[in-house]
Amino acid sequence: MTTFSFDFDASGSVTSFSARLQPSEAALLYEALIYPGTGTEADDAYLTLLLGAGRDVVDDLLARLLGPHAGPFDIRFRPDELHVLLCALTNAPTHFVQAGGEFCQESFHIRLGHLRQEFDALALTINNAAYTAYMTPTTHATQAVQTVQAVAE
Amino acid sequence: MRLSVRLTRDGDEFIAWVRPYQADVLHRALTVLLDGADGGDGGDGGGNGDITLAIRLGASRETVQALTERFAVGWTESRELRLTLGELHLMHSALTGAPVLFLERGLFSERAFHEATDSYREHFDELALSLVNYPHQDGS
């Protein structure tokens, strides 16, 4: 399971996320991300509607995810890129919903090569990274204050 | 169809015909994601809450709150809304993103989701899909 770590700038804000991806996770992200751009209506506005970014950002991410990867590898994402990846993961399955709301697992599996639960799990990992980033700086600031106090004493 | 939003494009903007139940679902989707980004203490917390929302919804807290307000309670009949591309994306990412927060041991929990939203994932799915099918619905 992928985990993300964070890098902070001097003010304590999160500036980027690094992750160690398994080749299978990179392949899954690639499939999720390339899916919206394959339709005939996939102009920049359509990609922005689905993913929150246009062709340039999407193509750049695709190039970085593209294998072959011999083993786990390290990759770095900006927060806005994580948003695009998260949208790609949660968007794709909704296109396999039939009238009446039923999700067609088989069509999805054939087209994307994975099951919806695998997309969900990776999407949750990104959500957790977002949440942990939110919780972390408080601790950071507290530790910084404690260090300053210790020096003063 | 009850869960399908009728959308037409007007230049750079979109005109959506939104029903009360759809507004309710959108309100719940946005609220679930806002609540999860305030650390549970109602404040804006440790300074990176904005990062959390940027990743989850691609928007600032002010933008998310403003849009959430538009779907707040009090809808008794359908309304026509004028939306920017960014707002439509925000609605779409809330609808598709919210259910993922209700995984238990790696699997989606219909019960936990229903308890939090009083709705169903299939409703979120259908509504999300209808928001991105505008090219096919133009002029229909």
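Below, each value reflects all heavy atoms present in this structure, side chains not excepted, and no hydrogens, waters or symmetry copies. Bear in mind that the values here come from a model prediction, so they are computed numbers and not experimental data. Below, read A as the first sequence line, B as the second, and so on, with proteins coming before strands; counting in each chain starts at 1.
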Q: With a 4.5 Å cut-off on heavy-atom pairs, point out which of Val84(A), Leu51(A), Asn127(A) contacts chain B the most.
A: Asn127(A)
Q) Got a salt bridge between Arg20(A) and Asp74(A), using NZ or NE/NH1/NH2 to carboxylate O under 4.0 Å? A) yes
Q | Pair Arg82(B) + Asp10(B), salt bridge at N-O below 4.0 Å | A | yes
Side chain from CB out, backbone as N, CA, C, O: work out which of these in [X] comes under 4.5 Å of a heavy atom of chain B, or both, or neither.
{"X": "Arg116(A)", "result": "side chain"}
{"X": "Leu124(A)", "result": "both"}
{"X": "Asp120(A)", "result": "both"}
{"X": "Leu85(A)", "result": "neither"}
{"X": "Phe119(A)", "result": "neither"}

Q.
Is the shortest side-chain heavy-atom distance between Leu81(B) and Ile15(B) below 4.5 Å?
A.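 A side-chain contact is absent here, since even the closest heavy-atom pair is not under 4.5 Å.
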Q | Row check, Phe108(B) ring normal vs Arg121(B) NZ/CZ: under 6.0 Å, within 45° | A | yes
Q: Give a yes or no on whether Glu115(B) atom CD has more than 12 heavy-atom contacts from other residues, nucleotides or ligands under 6.0 Å away.
A: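 Check passes, neighbour count above 12.
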